[in-house]
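Accompanying notes for the structure given below.
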Amino acid sequence: MSNKPISDHSAVNADLDEAPPLTEADWQRAIHRVGLKPVTTPKTEVTIPLDADVLAWLEERASTEDYPTLINGALRDTMREHRLEERIRRVIREELHAG
C-alpha cells in the first residue's frame with residue numbers, strides 16, 4: 001500500500017491502469033442498478049412528444065424523481081389497473097353465464 005495521500009490522483013490512476021480490461025463475459029454478468037437497487041428489466045430508450053401540461057406536471061415532481069422514473073411508474077400503474085379491470089370483467093362474465 002502506498003503512503004501517498006489520498007488526494008494524490010496519480011496513485012489512483014496508476015491502480016486503474018493496472019486493472020484488466022473488461023470482457024464481454026464481464027458485461028454479461030454485470031448488474032444494472034439505479035441508485036443501489038438492481039434493475040431487473042432492461043430499459044429501452046424511446047422518444048415521445050409530450051403535451052405541455054404533462055411536461056409541467058413532470059417538472060413539478062422532478063425534484064424527487066427523474067422523468068423516466070415518473071413516466072415508467074405512471075405507465076406501470078396503468079398496466080396494473082388495466083389487468084385488474086380485465087380480471088374483474090372476466091369474473092363477472094363467468095358468474096353471469098354460470099347462473
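Annotation: side chain to side chain contact (heavy atoms under 4.5 Å, CB included) contacts of L75 (sequence neighbours excluded): I71. With sequence neighbours excluded, the residues that form a side chain to side chain donor-acceptor pair (under 3.5 Å) with E85 are R89. For R80, the salt bridge (Lys or Arg N to Asp or Glu O under 4.0 Å) partners are D77, not counting sequence neighbours. The side chain to side chain contact (heavy atoms under 4.5 Å, CB included) test applied to D51 returns D53, V54, not counting sequence neighbours. Shown here are the side chain to side chain contact (heavy atoms under 4.5 Å, CB included) partners of E59, two or more places apart in sequence or in another chain: L55, Y67.
A continuous path of hydrophobic side-chain contacts links V46 to L58 [ILVMFWY only; heavy atoms under 4.5 Å].
The side-chain heavy atoms of T69 and V34, taken from C-beta on, include no pair separated by under 4.5 Å.
Sorted by first and then second residue, the salt bridge (Lys or Arg N to Asp or Glu O under 4.0 Å) pairs involving residues 21-35 (not counting sequence neighbours) are D26-R29.
Crowding of I48 atom CD1: a count of heavy atoms from other residues, nucleotides or ligands under 6.0 Å exceeding 12.
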